[in-house]
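Computed from heavy atoms alone, side chains included, the values below leave out hydrogens, waters and symmetry copies. Every chain is numbered from 1 and lettered A, B, ... according to where its sequence line falls, protein lines coming before strand lines. This is a predicted model, so every value here is computed, not measured.
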Number of protein chains: 2
Amino acid sequence: MPSALRKSPCEPVTAPREAPDLRPVEGKAADEELALLAKAVGHPARVQILRLLARRESCVCGDIVDELPLAQSTVSQHLEVLRGAGLVRGDIDGPRVCYCVEPRAMRRLKALVGSL
Amino acid sequence: MPSALRKSPCEPVTAPREAPDLRPVEGKAADEELALLAKAVGHPARVQILRLLARRESCVCGDIVDELPLAQSTVSQHLEVLRGAGLVRGDIDGPRVCYCVEPRAMRRLKALVGSL
DNA sequence: CCGTCAAATCGTCAACATGCGATAAGCGAC
DNA sequence: GTCGCTTATCGCATGTTGACGATTTGACGG
């Protein structure tokens, strides 16, 4: 652990109470949405990134690069995939970018998988 | 619904009580497992197939082909992907093959996704 | 303004995914 | 055996993914 409590521009892990997602979990649109999300998760490096972000042990892109045995450009691409799927958000923090999971998308993914 | 209650060589939808999965939901192996499963789910046609099988509206390969706007060979390939990931099982039933979801793998997938 | 550091983007390449038609293989019925 | 039906596999074309190094962009600090 880097330090006891590190302030960061990202949202707190525990969301402050959000409205439930009313979109259907079945049907063609839901199928495509699930496929899109699952595809984004469908790579070990991206799973690892999601876990890192969920645990908040890393948030800044560079830290993630250090954790993974991949080049910086490759990590950036994986982050872009996750961002494209809406699973992750990147907040610009000076010269750095702080990535964090998008809790709503994660809940959505869990709901869709749960509907299987 | 095709008929009231259709007998099939597949297992009942409600599993007869299985031991819980003791494998960890984190770590490198779990990450790779999740990535593998998610990758298999990461295609709309395969999501649709999983839903069809879960609802038991189709079980035989040919029925699935009829439901999807895809060629028979393509559906067969998707089924093979799902089978390779362990999400689906194919029981030979005379000249046909009856596919059904593998409840254990589905539970495993849900557990892994839930661990995110 | 410039350096400097972080991150994204570009260019390239090998590997894989996806689709199809065509063909092979397996199983029952006859 | 052989026919017919069902499913799997093959071969191929096309597009996407994943990896890397190299380069560009962006944001401070001086």
Residue B:Gln77, side-chain atoms from C-beta onward, closest of C:dT9, D:dT6, C:dG19: C:dG19
Using whole Å, what does the distance between atom C1' of nucleotide D:dT7 and atom CD1 of B:Ile92 come to? 10 Å
Run B:Cys59 and B:Cys100 through disulfide (SG to SG under 2.5 Å) and show every step you take. CA-CA 6 Å; B:Cys59 180; B:Cys100 44; 5.7 Å; no
Quick one: are B:Leu34 and B:Val113 in side-chain contact, heavy atoms under 4.5 Å? yes
Examine distances only and state if a side-chain atom of A:Ser115 and a backbone atom of A:Leu112 form a donor-acceptor pair shorter than 3.5 Å. yes
Chi angles and distances behind the side chain to side chain contact (heavy atoms under 4.5 Å, CB included) call for B:Arg46, B:Val41: CA-CA 6 Å; B:Arg46 292 197 284 268; B:Val41 180; over 6 Å; no
Separation of atom CG in A:Leu79 from atom C1' in C:dT9, rounded to whole Å: 14 Å
Separation of atom CG in B:Leu68 from atom C1' in C:dG19, rounded to whole Å: 14 Å
Residue whose nearest DNA chain D nucleotide is more 5′ - A:Pro69 or B:Val97: B:Val97
Tell whether A:Gln72 reaches the base of C:dA8 with its side chain through a donor-acceptor pair below 3.5 angstrom. yes
From A:Ile49 atom CD1 to B:Asp31 atom CG, the distance as rounded to the nearest 0.5 Å: 11.0 Å
A:His78 has a side chain; which of C:dA6, D:dG18, D:dC20 sits nearest to it? D:dG18
Please give, in whole Å, the distance from D:dA8 C1' to B:Ile64 CD1? 14 Å
Compare the minimum distances between each of D:dT6, D:dT7, C:dA22 and the side chain of B:Ser73, then state the nucleotide with the smallest one. C:dA22
What is the distance, to the nearest angstrom, from the CZ atom on A:Arg89 to the P atom on C:dA7? 16 Å
Between C:dG19 and B:Thr74, is there an OP1 or OP2 to side-chain N/O distance shorter than 4.0 Å? no
A:Leu116 and B:Arg51: CA distance, side-chain angles, deciding distance, side chain to side chain contact (heavy atoms under 4.5 Å, CB included) verdict: CA-CA 6 Å; A:Leu116 289 175; B:Arg51 286 207 204 277; 3.9 Å; yes
In terms of heavy-atom contacts, B:Tyr99 and B:Leu53 come closest through O-CD2, 3.5 Å
Counting only side-chain heavy atoms from C-beta out, which of D:dG21, C:dC27, C:dA7 sits nearest to A:Ala71? D:dG21
Figure out the CG/C1' separation between A:Asp91 and C:dA6, and round it to whole Å. 16 Å
Determine the contact category for B:Leu70: base if any of its heavy atoms lies under 4.0 Å from a base atom, sugar-phosphate if only primed atoms, P, OP1 or OP2 are that close, otherwise nothing. sugar-phosphate
Separation of atom CZ in A:Arg96 from atom P in C:dA8, rounded to whole Å: 13 Å
Can you pull out the residues from residues 32-46 of chain A that lie within a 4.0 Å heavy-atom distance of DNA chain C? none
Atom CZ of B:Arg83 and atom P of D:dT7: how far apart are they, to the nearest Å? 15 Å
